[in-house]
Amino acid sequence: MILQVKNVSKQFGGLQALNDVSFELSEGRILGLIGPNGAGKTTLFNTINGVFAPTQGQIVFRGEDVTGQPAYNMARRGLARAHQVVRPLSDLTVHENVMVGACFGREGLGLRQAARRAEEALSRVGLIERAEQPAGSLNVAQKKRLEMARALAAQPYLILLDEVLAGLNPSEITAMMATIRAIREQGATIFMIEHVMQAIMSISDHIIVLDYGSLIASGPPQEVANNQKVIEAYLGDPRLTERLMAE
Amino acid sequence: MFAHLSASLVDGLLIGFVYGIAAMGLSLIWGVMRVINLAHGATMALGMFCIYGLFTKLGINPYLGVPLAALLALLFGFLIYGVALHRVMQSGYLYTLLATFAVNMIIIGVGTTLFTTSPRNVDFSLGSLQMGSEILLGTRLVAAVASVVITVALYLFLYFTRTGKAIRAVSNNRAAAELMGISSTQVLALSFGLGTMLAAVAGGLTATFFPFTILSGGAYQLKSFVICVLGGLGNPLGALFGGLILGALEGIVPVFMPVSWVPVVEFGLFVLVLVVRPTGLMGAK
Amino acid sequence: MSFWRSAGFWINVLLVAIGGAVVLLIHQDTLRETVFTILMFVILASSLNIIMGLTGYVNFGHIVFFGLGGYFGFFLLSQLGWPLYLCMIAGGALSVVIALVVGAAVLRLRGAYFALATIGINEAARAFVANFAPFGGATGLYVNFSAYNAYGGSSKALWWIFTLLWIVTIITVVVCYLVKHSRFGLGLIAIREDEDAAMVMGVKTPWAKTAAFALSAFFPALVGTLYFFKNGNVEPEDAFRFQLSLEILVMVMLGGKGYVLGPIIGALAYERLRGVLLVSPLFKNLHLALSGAILLLIVLFMPGGLVGWVRDRLPRLRRWLE
């Protein structure tokens, strides 16, 4: 098991953002996380990632208890993340951005090796020809690729992808899906949040569903898609869900 | 001992009210605009000179001079906003802060040339009140009362007028306020004008009982920072509370240790509160 | 490491190295005093640039390190008779320790809150030293005139002090360059651009910020010790001038924050500008107002400073300016 989440709860004041969430993720797989807006998906990522500690419960990463470890320690242990809201370091070039990932990720490379690693990562996401451009000048789709490249350059064991397909057009989505599959081929485990249903259903090995902070379903994509509880929770209207699935 | 303590405490509190007014302006500007106004002290000094000029040259009573100075300061605030701040409002706090610092330098430079740095005072008395061994000056009592009145007026303005509500809306969330059709430029200019006005009023009131130079504002500006942090940055009404704490400290501390330790205590407390409770002593956690 | 093959490195280092060397060759007292001030500004501004330009934390109390470190160095020199270079290093060490302690607490604050806290620290430090008996309280400390005899009389001592300052300047500039072009520096720039994202990417932000703060605190202490020894005395009002803190900040902005060359150009330009304004009979009284007007123009129309402005106009020069 690369990741075990055991009975994790998170409270913000009176708001119960996560309620007793437990699941496991084994190496080399793609796990999808879906759920309506405000279900607590990004919060779950934040607790795994160390942005904040869970109120209760335990997070085990590669056999070690990492509950409450700060984000930078998680990065060094081999956990990388692409954000939902893309956050390039605008004043740096695209290449330098990715170097940050390589320098401070799992391997903690020196500058020269990091520069080489960054080039590899940029080639893999198809951004190499923009390497010397300031990161602030990229468009949305390119910024998403930059997020991916930064995560990849860290050579992580596990990558958290937070809605990397949102806001992309169909051809960009196809390209990004190919990139995600290629990453998995090379041995990284992937845990992704996604709203583009068709995409996540086709790419995931396994799917878990959050609603109001609780885990309501877990299983292979087809099984989850037909789960009555999921359909109700997800849209409250089965026909709408069907239409969504048919997209 | 006790009489001495209570008298100096009362005296400290009276001055604390006036400090509170100056800090209120700073806090309003920070809360609405996210600008640290480094020209605040210089504006206070201008307020002092305004009252002084009106009193010595034209014989106008300082308490009539204050509203006049307030009006001038409001316009002066609009001017500063238009010339120095509007262009950099989106550029982050470093730029707005340096812009106000530049304004500060200009005011001090021109002020030094015009007024020199020899101390002035407004020779005006309202008698005094005997309290134990200490004497309370009438001008300080009036200044404290005026400060309370101004605070109440500001509260009523912010909470019960349309414009005041617009200011609070922009303070909470500028982008959302703009979506609601509030012109943030007007609100920002108005807030800066009001903040400047409060500085000038505080300066004018202070001039009635302390001697001053064009450079005096600097010390009051630093005190205003302390007060803002004690009362909660961006919470104008908390500033009066912060002013009272500072005034009380200035009254009490010298009873127990040499007066030169006062700034050590003040600024130590300032940094401590900022680190431990950046929302202020009263603020929500 | 290939920094010695980089054009940008040599431009920065040669600029200050040759500048100081020329003064030593010409050997004229008034020129030395002028360049002393410039080099002092270069060190103060360059070290401030580490925390302000690279890390993005604006320190309004940079002068605290000049004051406290200098005070301690001068104390060892005047009261205990330590040799000058040891006093400098001891002053620097104290400065670093203070920065580590203060930084660990205050660097948790972000943006304007940090800036405000540093204003408070400056005032608290000045008020504290003014009350601190071993440092002579409000009157400060004096050095016995005979202390200069160890360096062959006061005239020779002044040249010796200048030479030390020149060496410190070169070291400061070299260190600034190396930091900016290191892995550590890349982490600092990541913090400046987006601290939360930097943390997620693995930059150990609390450690990196504190280290940058401590490093920026070291060099001002060396300058302080030299400056007070040159003057023969130190007093709180001279050691913790808030005004000087702000002037250093203006120099960094004028030259261009985040560039190694920025503070050097900024210090030079600011000192020259001030010099011209101060001697001109027309502007003598108005020099502060004019400096203010110039600062305002930079802030409004040239936010990248002189170096940033040139870089944006002439992208081909980038290699030389970075």
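Labels below follow one simple rule: chain letters A, B, ... track the order of the sequence lines, proteins then strands, and each chain is numbered from 1.
Using a 4.5 Å cut-off between heavy atoms, B/L222 touches chain C through its side chain atoms alone. Within the 4.5 angstrom heavy-atom criterion, atoms from both the backbone and the side chain of B/Y95 approach chain C. Proximity to chain C (any heavy atom under 4.5 Å) is restricted, for B/L97, to the side chain, taken from C-beta onward. Contact of B/V275 with chain C is made through backbone and side chain together, with heavy-atom distances under 4.5 Å. Only the side chain of B/L94 comes within contact range of chain C, with heavy atoms under 4.5 Å apart.
At a threshold of 4.5 Å between non-hydrogen side-chain atoms, the residues B/F267 and C/R126 do not count as touching. Looking at heavy atoms from C-beta onward, C/F60 lies in side-chain contact with B/L38 at the 4.5 angstrom threshold. Under the 4.5 Å side-chain criterion, counting only non-hydrogen atoms from C-beta, C/F301 is in contact with B/R87.
When the candidates C/I119, C/L246, C/I298 are compared by the number of heavy-atom contacts under 4.5 Å with chain B, C/L246 comes out ahead. Chain B forms the most heavy-atom pairs under 4.5 Å with one residue out of C/M253, C/E123, C/R108, and that residue is C/E123. When each of C/G111, C/A124, C/A293 is scored by its heavy-atom pairs under 4.5 Å with chain B, the top score falls to C/G111.
Across B/Y93 and C/A115, no two heavy atoms sit closer than the pair CE1-CB, 4.2 Å. For C/L295 against B/L98, the heavy-atom pair with the smallest separation is CD2-O, 3.8 Å. In terms of heavy atoms, B/A84 sits closest to C/L296 at CB-CD1, 3.7 Å. Among all heavy-atom pairs drawn from C/G120 and B/V271, the shortest one is C-CG2, 3.9 Å.
Here CD1 of B/I36 is found 3.5 Å from CG of C/L116. Values are rounded to the nearest 0.5 Å.
Tested against B/F101, the residues C/L249, C/V299, C/V250 include a single side-chain contact (heavy atoms from CB on, under 4.5 Å) partner, C/V250.
More than 12 heavy-atom neighbours from other residues, nucleotides or ligands sit within 6.0 angstrom of CH2 on B/W261. A 6.0 Å sphere centred on NZ of C/K180 holds more than 12 heavy atoms belonging to other residues, nucleotides or ligands.
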Query - Verdict with supporting geometry, B/V229 and C/Y113, side chain to side chain contact (heavy atoms under 4.5 Å, CB included) - result: CA-CA 10 Å; B/V229 167; C/Y113 289 90; over 6 Å; no
